[in-house]
Amino acid sequence: MNDKKGGTIFMSWKQTLKTFYELYSESNLTNEWIIVGSVGSVMQKAIMNPNDLDIYVQNIDDVKGLAQLLNEFNLKTKSNLSYFDVDWLSSNEEPYFTQTFPSGFTWTKGKWKIHDFTVEVVQISNSAGIPDSVKGEGIWEGGKYIWELKKYVEFENYEIPVVPLEIQLESNIRRNRKERIDAILNALITNGYDKELLGKALSNTNREKFKELL
């Protein structure tokens, strides 16, 4: 399935994810990784249009490993764009970078175009106090609990680890992304959900708002 943007044909996220997984499965890497964001939502039957493929890893060494795996997609010369620029891409000279924001939030990231679709590999070393709790504050899509609560979705005969929609709902409520909230809610209601996980994932405030689901 192709998408047309501005008259140019772009390959879908499906071909990009397939390419990534085939490279990974053929390598000797044992890095733990997980799909977050819109692709993870669509893989769980939420209806939305993904802008990029977000792959989170646990350690900076995991970023290095996946950056090496994806080095054929590096720019040949270093990007002269700021790290804040959405068009910055990894290069042979600079396959990834570490960035700290004024809040203290710190991540290490690599970014590539595979089949004209953006792929980001991200490790977060300082969440700057973003709430992440199973006891009232709500589970964060980029936090520590996603690793033990991940689920696997079948894709092209592969089993792909994703952050459950129940957790993605909380993260999108925090960001006031109404279209994504509606899409995730519709998918949960239509296809079923883990009530216990949803209860843990939602903050106390949001649990009250969606108490009819619990």
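When a residue number appears, it is its place in the shown sequence, counting from 1. Atom set for the values below is all heavy atoms of this structure, side chains included, hydrogens, waters and symmetry mates excluded.
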message = Contact between Ile35 and Ile55 at the side-chain level, heavy atoms closer than 4.5 Å - yes or no?
response = yes
Trp107 versus Gln123, side-chain donor and acceptor atoms under 3.5 Å = no
query = Is the backbone of Val86 close enough, under 3.5 Å, to the side chain of Lys111 for a donor and an acceptor to pair up by distance?
reply = yes
note = Interatomic distance, CD1@Ile173 vs OG@Ser203, rounded to 0.5 Å, equals 7.0 Å
request  = Hey, could you give me the CD/CG distance between Glu137 and Leu202, rounded to the nearest 0.5 Å?
outcome  = 14.0 Å
message = Applying side chain to side chain contact (heavy atoms under 4.5 Å, CB included) to Lys200 and Ile167, what does each step give before you reach the verdict?
response = CA-CA 9 Å; Lys200 290 179 180 179; Ile167 295 173; over 6 Å; no
ask   = So, does Asn31 use its side chain to make a donor-acceptor pair with the main chain of Val63 at under 3.5 Å?
value = no
task = Apply side chain to side chain contact (heavy atoms under 4.5 Å, CB included) to the pair Thr190 and Lys45, showing each step before the final yes or no.
result = CA-CA 9 Å; Thr190 301; Lys45 301 182 180 179; over 6 Å; no
query = Are Val42 and Val119 connected in a single hydrophobic cluster, I mean Ile/Leu/Val/Met/Phe/Trp/Tyr linked by side-chain heavy atoms less than 4.5 Å apart?
reply = yes
task = Flag the pair Glu32 and Lys150 as a salt bridge only when some basic side-chain nitrogen lies within less than 4.0 angstrom of an acidic carboxylate oxygen.
result = yes
query = Distance from His115 atom NE2 to Leu17 atom CG, nearest 0.5 Å?
reply = 10.5 Å
message = Would the distance check show the side chain of Arg207 and the main-chain N or O of Gly138 forming a donor-acceptor pair, the cut-off being under 3.5 Å?
response = no
query = Which distance, rounded to the nearest 0.5 Å, do you find between the CZ of Arg180 and the OG of Ser41?
reply = 6.5 Å
message = Pair Lys151, Val162 - check side chain to side chain contact (heavy atoms under 4.5 Å, CB included), show working.
response = CA-CA 6 Å; Lys151 65 184 291 186; Val162 300; 3.5 Å; yes
note = OG (Ser38) and CD (Gln168) are apart, to the nearest 0.5 Å, by 8.5 Å
remark   = Residues Trp147 and Tyr56: closest non-hydrogen pair is CH2-O, 3.3 Å
Leu197 backbone acceptor or donor facing Asp194 side chain under 3.5 Å = yes
Check against side-chain hydrogen bond (donor to acceptor under 3.5 Å, both in side chains), Asn172 and Arg175 = CA-CA 5 Å; Asn172 280 281; Arg175 299 173 69 185; 5.2 Å; no
ask   = Any side-chain heavy-atom pair from Phe84 and Phe101 closer than 4.5 angstrom?
value = yes
task = Identify the two heavy atoms, one from Ala128 and one from Asn126, that lie closest to each other, and give their separation to 0.1 Å.
result = N-OD1, 2.8 Å
message = If you count heavy atoms of other groups shown closer than 6.0 angstrom to CD of Glu179, is the number above 12?
response = no
query = Leu89 and Leu69: same hydrophobic cluster, using ILVMFWY side-chain contacts below 4.5 Å?
reply = no
query = With a cut-off of 6.0 Å (strictly less than), are more than 12 heavy atoms of other residues, nucleotides or ligands near CD1 of Ile47?
reply = no
query = Are Val121 and Leu29 linked, directly or through other ILVMFWY residues, by side chains that come within less than 4.5 angstrom of each other?
reply = yes
task = Compute whether any side-chain donor of one residue and acceptor of the other, for Thr108 and Thr98, lie under 3.5 angstrom apart.
result = yes
request  = Might you point out which heavy atoms bring Ile184 and Met48 nearest each other, and give the distance in Å?
outcome  = CG1-CE, 4.2 Å
message = Has Glu141 got a side-chain atom pairing as donor or acceptor with Gly37's backbone, closer than 3.5 angstrom?
response = yes
query = Looking at side-chain heavy atoms only, is the closest gap between Ile34 and Val36 below 4.5 Å?
reply = yes
query = Which atoms form the tightest heavy-atom contact between Asp52 and Val39, and what is the distance?
reply = O-CG2, 3.3 Å
inquiry  = Apply side chain to side chain contact (heavy atoms under 4.5 Å, CB included) to residues Leu188 and Leu169 and explain how you reach the verdict.
reply    = CA-CA 10 Å; Leu188 291 172; Leu169 177 62; 4.2 Å; yes
key: Nearest heavy atoms of Phe117 and Ser12, plus distance in Å   = CD1-C, 4.4 Å
inquiry  = Test your reading of the model: is there a side-chain donor-acceptor pair from Gln44 to the backbone of Val163, 3.5 Å cut-off?
reply    = yes
request  = Indicate if Trp33 and Trp13 have the same hydrophobic cluster label, given that clusters are the connected sets of ILVMFWY residues with side-chain heavy-atom separations under 4.5 angstrom.
outcome  = yes
message = Please determine whether residues Leu214 and Ile181 belong to a single hydrophobic cluster, defined as Ile, Leu, Val, Met, Phe, Trp and Tyr linked transitively by side-chain heavy-atom distances below 4.5 Å.
response = yes
key: Backbone N/O of Tyr24 and side chain of Ser27: donor-acceptor pair under 3.5 Å   = yes
message = Using side-chain heavy atoms (C-beta onward) and a distance below 4.5 Å, is Asn59 in contact with Val57?
response = no
inquiry  = Under 3.5 Å, is there a donor on one side chain and an acceptor on the other for Tyr21 and Glu156?
reply    = no
inquiry  = Assess the residue pair Tyr145 and Trp140 against the criterion (ring pair (Phe, Tyr, Trp, His ring centres under 6.0 Å)); give the C-alpha distance rounded to whole Å, side-chain angles, the decisive distance to 0.1 Å, and a yes or no.
reply    = CA-CA 8 Å; Tyr145 293 103; Trp140 176 42; over 10 Å; no
key: Heavy-atom side-chain contact between Ile160 and Met43 under 4.5 Å   = yes
query = Are Glu72 and Leu23 close enough that some pair of their side-chain heavy atoms sits under 4.5 Å apart?
reply = yes
request  = Quick one: pull up CD1 in Ile114 and NZ in Lys18 and give me the separation to the nearest 0.5 Å.
outcome  = 14.0 Å
task = For the pair Tyr96 and Tyr83, evaluate ring pair (Phe, Tyr, Trp, His ring centres under 6.0 Å) and give the outcome as yes or no after the intermediate values.
result = CA-CA 10 Å; Tyr96 53 87; Tyr83 298 143; over 10 Å; no
inquiry  = Quick check: closest heavy atoms across Thr77 and Ser91, and the distance to 0.1 Å?
reply    = O-CB, 3.6 Å
request  = Report, as yes or no, whether the 6.0 Å neighbourhood of atom CD on Glu196 holds more than 12 heavy atoms from other residues, nucleotides or ligands.
outcome  = no
query = Distance only, no hydrogens: is a donor on one side chain within 3.5 Å (strictly under) of an acceptor on the other, for Ser82 and Asp85?
reply = no
task = Taking the side chain as every heavy atom from C-beta outward, state whether Pro95 and Phe97 have any atom pair closer than 4.5 Å.
result = no
ask   = For Trp112 and Asn74, does a side-chain donor sit closer than 3.5 Å to a side-chain acceptor?
value = yes
Sidechain N-carboxylate O distance under 4.0 Å for Lys113, Asp116 = no
